[in-house]
**Student:** 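The structure under discussion is supplied below as structure tokens; questions concerning it will follow.
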Amino acid sequence: MALRLVFMGTPAFSVPCLRQIVAAGHDIVAVYTQPPRPAGRGMEERKSPVHVVAQSQRLHVETPVTFKSGDAQKKFLSLEADAAVVVAYGLLLPQSIVSGTKLGCFNLHASKLPRWRGAAPIQRAIMSGDAVTAATVMRMDEGLDTGPICLEHRVAIDPNMTAGDLHDHIATCGADLMVEALAELEKGTLPEHPQSAAGVTYARKLEKSEARMDFDRPADTVHNHVRGLSPFPGAWFEVRDPSGSLNRIKVLESRVAGSRELAGLGFGGDDSAKAPLSPPGTVLDEGLTIACATGALRLLKVQRAGRRVATAAEFLRGFNMPKGTIVSG
């Protein structure tokens, strides 16, 4: 027997879950997503990824700007849904909505709760160098990602995994997890346990100012910064070209230089992972390796403003950054 569901989501991250729930045969009586907004060079109104998929599945779509109005809340309650599934919806849900279904409101969150509650759990986990995260299905309550945990799927974070890689992986495995949770909910066997009071951290929304790179930090910290902001918004530094113009270079992929590489770059011996002979921010070779406070970072994929993403070799064929160049974060 299928559940009568409301689905609430907006970005591409939400789409696999919507598709999986439809494939599982549940009755989605309404899809809530954020309204179309101006986007692109022409600033034409663009529907959200969830909106597009919902329409392709001939599902009813609602796009309220807010749930503060009594009419929006009444419309939701009139659906008489068994449950609501929330995946990166992006609107604050009042308690009347959270408790407005027969069985509850269930959220797919991209972290191992209670670590990284909030808006940017994928990016914060990588920027902090976490080795493990999770896809988590939780029952929503009045707090910010504070509700009891129903199901959890642990995810290892590879040292070179980007936020984009982790985003896609959790979107996929999280969709499977939510379908599993709904099957248990339907049978009345969905487990729940309260979140730990220890280890709570908050994944605050990313700020534009955070994208600037700081080579006065250890190489592994700078590397985590790069991959945590890749592909969007992208960590960046600035460098002057021969004409004196300042160019912003976005870094989308990097690697921490290994001990053998460092030995050939002036680090040497037991101090190979410590401070280089050159100041942080110095280009150390002809292949875009840059000195950090300790160690060095190899830039593998970069992008100049208005240009396509390029490998280090492709970039250097069109932009001169010889050994000894000083870049600024």
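Residues: numbered from 1 along the sequence shown. No experiment lies behind these values; they were computed from the predicted model shown. Atom set for the values below is all heavy atoms of this structure, side chains included, hydrogens, waters and symmetry mates excluded.
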**Student:** Just checking, any donor-acceptor pair under 3.5 angstrom between side chains of Asp176 and Gln20?
**Tutor:**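 The answer is yes; a qualifying pair exists.
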
**Student:** If a pair satisfies ring-ring contact (aromatic ring centres under 6.0 Å, His included) and one of its residues is in residues 289-329, list it, with sequence neighbours excluded.
**Tutor:** Phe315-Phe319

**Student:** Which pairs, with at least one residue in residues 243-253 and sequence neighbours excluded, count as a salt bridge (Lys or Arg N to Asp or Glu O under 4.0 Å)?
**Tutor:**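 Output for this query lists Glu253-Arg255, Glu253-Lys301.
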
**Student:** Who are the side-chain hydrogen bond (donor to acceptor under 3.5 Å, both in side chains) partners of His153, not counting sequence neighbours?
**Tutor:**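 In terms of side-chain hydrogen bond (donor to acceptor under 3.5 Å, both in side chains), with neighbours along the sequence ignored, His153 is linked to no residue.
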
**Student:** Taking the side chain as C-beta and beyond, is there a heavy-atom pair between Leu190 and Leu151 under 4.5 Å?
**Tutor:** yes

**Student:** Give me each pair satisfying ring-ring contact (aromatic ring centres under 6.0 Å, His included) with a member in residues 88-138, each pair once, sequence neighbours excluded.
**Tutor:** none

**Student:** To check you understand the geometry: which heavy-atom pair defines the closest contact between Ile170 and Val155, and what is its length?
**Tutor:** CG1-CG2, 4.4 Å

**Student:** Do you know which of Thr63, Val50, Val85 makes side chain to side chain contact (heavy atoms under 4.5 Å, CB included) with Val31?
**Tutor:**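 When Thr63, Val50, Val85 are each tested with Val31, the side chain to side chain contact (heavy atoms under 4.5 Å, CB included) holds only for Val50.
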
**Student:** Check side-chain hydrogen bond (donor to acceptor under 3.5 Å, both in side chains) between Thr189 and all other residues, then give those that pass, not counting sequence neighbours.
**Tutor:** Glu184

**Student:** Can Gln55 and Arg58 be counted as having a side-chain donor-acceptor contact under 3.5 angstrom?
**Tutor:**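 The answer is no; no qualifying pair exists.
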
**Student:** If you measure only the distance, is there a donor-acceptor pair under 3.5 Å linking the side chains of Ser111 and Thr133?
**Tutor:** no

**Student:** Can you list every ring-ring contact (aromatic ring centres under 6.0 Å, His included) pair that touches residues 40-81, not counting sequence neighbours?
**Tutor:** Tyr32-Phe67, Tyr32-Phe76

